[in-house]
Amino acid sequence: MKKLLIATAAAALSAGAVSADDHAVKLGIILGFTGPIESLTPHMAGGAELAMTEVTESGALLGGKAVEPVRADSTCTDAGAASAAAERLITSDGVKGIMGADCSGVTGAILSNVAVPNGMVMISPSATSPALTTADDNGLFFRTAPSDARQGEVLATVLMERGIESVAVTYTNNDYGKGLADSFAAAFEAAGGSVTTTAAHEDGKADYSAEVGALASAGGDALVVAGYVDQGGPGVIRAALDTGAFDLFVLPDGMIGAALEETFGSEIDGSVGTVPGTESEGANTMLEMAEAAGIDGTSPYVGESYDAAALLMLAMQAAGSAEPGDYSAKILDVANAPGEQIFPGELGRALEILAGGGDIDYVGATDVELIGPGESAGSYREIVIDGGKITTAGYR
């Protein structure tokens, strides 16, 4: 009898543990909450969590499961710290998918060191290095932001159309910066432009006058700064302005953020740049939803973060399972046609369609269309600094 009671108690405890674990699906959010893009990541995390809250409130995921976000810091630059944080998400927190990471170098490190060995799905909203296209990912890695191979082409077109035909290029010395600089230079020169010099810069320096001096000696109509808005990029711009080396700047996605306006205001009026974006129906809805939730929906990669989280949960529903090995193959299915188009705010309806055996085409906030190995086909917002503000010049 004693043995029976012990066995019964153990079974009850086991059942209780299963029930507690079963209550919510945990999803990791790994972004650089510290580091060179820390002013952007709270808004990105907010976008992802907006999707998770929407799904939880619908009560339609896998028979009524809630979704619990778990944040972790990628630092954006420290591959070791990022990998350790991702490992904790999987082994300690028990997440079933990862929204992230953000910066390309740490994303690649997490993918190879943690996600692939653990069979964990990752969807990055902002890792844009072309090298990630061919990463050995076992079908576990996706991204809602387009590759910088595409951004380089778009940026080159923007400059040529604006009559900017010669540029110097400086890039942050990592996978993101190097990949973007190479992509842009190749596209710009193919379009007839001239790259006078290309040089790396290190983040975290107090003075960039030496780097700017070398760039200035090569000349150019403008200076391309492929850096980070909270790190070396602004330092390079400040040194260029203070020395009179350049007064016109070309700003790719890592340099776009409210901190740019706060730091320089109208000092860099006329400068241009690109950041993933669309003027679709979903984008407008996303802005309204973000504003209602107290999130800056105009900040880069908010929509991509919402979409990344949404795709994880919709794929789970399509597979009838929260296990990465079961739902990874469903991500392309829910992201692309055929099926009923789904926009932000319609995740509950999408879950019901999938539960009934129907098909969806998730359009989301960013006109989601996944191609090749699972990355965004990509559209970009062309920006210009006007009156000290980041304004939209058009979409490409």
- Task: For atom CD of Glu189, decide whether the heavy atoms of other residues, nucleotides or ligands shown that lie under 6.0 angstrom number more than 12.
- Result: yes

- Message: Let me confirm one number: the CZ-CD1 distance from Arg88 to Ile90, rounded to the nearest 0.5 Å.
- Response: 11.5 Å

- Message: Whether the side chain of Asp221 engages the backbone of Ser166 through a donor-acceptor N/O pair (distance < 3.5 Å, no angle test) should be reported.
- Response: yes

- Is a side-chain N or O of Thr56 found less than 3.5 angstrom from the main chain of Val67, in a donor-acceptor match? yes

- Query: Linking I/L/V/M/F/W/Y whenever any side-chain heavy atoms sit under 4.5 Å apart, do Val275 and Ile390 land together?
  - Reply: yes

- Message: To the nearest 0.5 Å, what is the distance between CG on Asn336 and CD1 on Ile360?
- Response: 10.5 Å

- Task: Might you point out which heavy atoms bring Leu111 and Ala135 nearest each other, and give the distance in Å?
- Result: CD2-CB, 3.9 Å

- Flag side-chain contact, heavy atom, 4.5 Å: Val250 against Phe184: no

- Is Ser183 reaching over with its side chain to a backbone N or O of Gly179, donor-acceptor style, under 3.5 angstrom? no

- Message: Using the ring-ring contact (aromatic ring centres under 6.0 Å, His included) criterion, which residues pair with Tyr362? Sequence neighbours excluded.
- Response: none

- Quick one: do Leu248 and Leu223 end up in the same hydrophobic cluster if we chain Ile, Leu, Val, Met, Phe, Trp and Tyr together by side-chain heavy atoms under 4.5 Å apart? no

- Would you find a donor on one side and an acceptor on the other, under 3.5 Å apart, between the side chain of Ser104 and the backbone of Ala127? no

- Please, which pairs that meet salt bridge (charged side-chain N to carboxylate O under 4.0 Å, His left out) have at least one residue in residues 142-154, sequence neighbours excluded? Arg143-Glu375

- Task: Look at the side chain of Ser271 and the backbone N and O of Ile268, then say whether any donor-acceptor pair between them is shorter than 3.5 Å.
- Result: yes

- Here the pair of heavy atoms bringing Gly152 nearest to Ala187 is O-CB, 3.7 Å

- Task: Taking Gln341 for its side chain and Asp361 for its backbone only, find out whether a donor-acceptor pair lies under 3.5 Å.
- Result: no

- Message: Can a donor-acceptor pair be found, under 3.5 Å and without considering hydrogens, that links the side chain of Ser126 to the backbone of Asp102?
- Response: yes

- Side chains of Ile110 and Phe141 in contact at under 4.5 Å (non-hydrogen atoms): no

- Item | Hphob cluster co-occupancy, Met313 + Leu370, side-chain heavy atoms under 4.5 angstrom | yes

- Task: Could you go through the side chain to side chain contact (heavy atoms under 4.5 Å, CB included) check for Phe249 and Val236 one step at a time?
- Result: CA-CA 10 Å; Phe249 303 93; Val236 170; over 6 Å; no

- Are any of the side-chain heavy atoms of Thr170 and Tyr208 separated by less than 4.5 Å? no

- Query: For the atom pair CG (Leu155) and CZ (Arg396), what is the distance rounded to the nearest 0.5 Å?
  - Reply: 10.0 Å

- Message: When you measure from the side chain of Asp269 to the backbone of Gly387, do you find a donor-acceptor pair of N or O atoms at a distance under 3.5 Å?
- Response: yes

- Item | Side chains of Ser124 and Glu304 in contact at under 4.5 Å (non-hydrogen atoms) | no

- Parallel, tilted or perpendicular: which fits the ring planes of Tyr176 and Tyr228, with parallel below 30° and perpendicular above 60°? parallel

- Task: Taking the side chain as every heavy atom from C-beta outward, state whether Ser379 and Tyr395 have any pair of such atoms under 4.5 Å apart.
- Result: no

- Message: Working note: Val95 + Leu27, criterion side chain to side chain contact (heavy atoms under 4.5 Å, CB included); need CA distance, chi angles, decisive distance, verdict.
- Response: CA-CA 5 Å; Val95 302; Leu27 291 180; 5.7 Å; no

- Message: Filter on salt bridge (charged side-chain N to carboxylate O under 4.0 Å, His left out), then keep only pairs touching residues 320-340, sequence neighbours left out; what's left?
- Response: Lys96-Glu323, Glu340-Arg349

- Partners of Thr77 by side chain to side chain contact (heavy atoms under 4.5 Å, CB included), sequence neighbours excluded? Pro36, Thr75

- Query: About how many Å separate OG1 of Thr285 and OH of Tyr306, when rounded to the nearest 0.5 Å?
  - Reply: 9.0 Å

- Message: Using side chain to side chain contact (heavy atoms under 4.5 Å, CB included), reason through Val114 and Met122 one step at a time and then give a plain yes or no.
- Response: CA-CA 10 Å; Val114 182; Met122 295 173 61; over 6 Å; no

- Is there a side-chain contact between Asp253 and Tyr301 (heavy atoms, below 4.5 Å)? yes

- Message: Could you check whether any side-chain heavy atom of Thr366 comes within less than 4.5 Å of a side-chain heavy atom of Met286, counting everything from C-beta outward?
- Response: no

- Message: Using only atom types and a distance under 3.5 Å, with no angle test, would you say the side chain of Ser217 pairs donor to acceptor with the backbone of Ala214?
- Response: yes

- Query: Got a second to check how far Ile256's CD1 is from Leu40's CG, nearest 0.5 Å?
  - Reply: 10.0 Å

- Item | Step-by-step side chain to side chain contact (heavy atoms under 4.5 Å, CB included) determination, Met99 to Ser305 | CA-CA 7 Å; Met99 199 298 297; Ser305 298; 4.2 Å; yes

- For residues 230-252, the salt bridge (charged side-chain N to carboxylate O under 4.0 Å, His left out) pairs (sequence neighbours left out) are Arg238-Asp242, Arg238-Glu267

- Under 4.5 Å between side-chain heavy atoms, hopping through other hydrophobics if needed: is there a path connecting Val229 to Val106? no

- Shortest non-hydrogen contact from Ala226 toward His201: O-CE1, 4.4 Å

- Task: Establish whether Met52 and Met44 are linked, either directly or via other cluster members, by ILVMFWY side-chain heavy-atom contacts under 4.5 Å.
- Result: yes

- Item | Nearest heavy atoms of Phe188 and Ile164, plus distance in Å | CZ-O, 3.4 Å

- Task: Answer whether the closest heavy-atom distance between the side chains of Gln317 and Leu61 falls below 4.5 Å.
- Result: yes

- Got a sec, which pairs hit salt bridge (charged side-chain N to carboxylate O under 4.0 Å, His left out) with one end in residues 199-215, sequence neighbours left out? Lys205-Glu211

- Item | Value rounded to 0.5 Å, distance of CD1 in Ile98 from CG in Asn118 | 8.5 Å

- Task: Can you see which heavy atom on Val334 is nearest to which on Ala318, and at what distance?
- Result: CG1-CB, 3.9 Å

- Donor-acceptor contact present, side-chain Thr198 to main-chain Val169, <3.5 Å: no

- Taking all non-hydrogen atoms of both residues, which atom of Lys65 and which atom of Leu62 are closest, and how far apart? CG-O, 3.8 Å

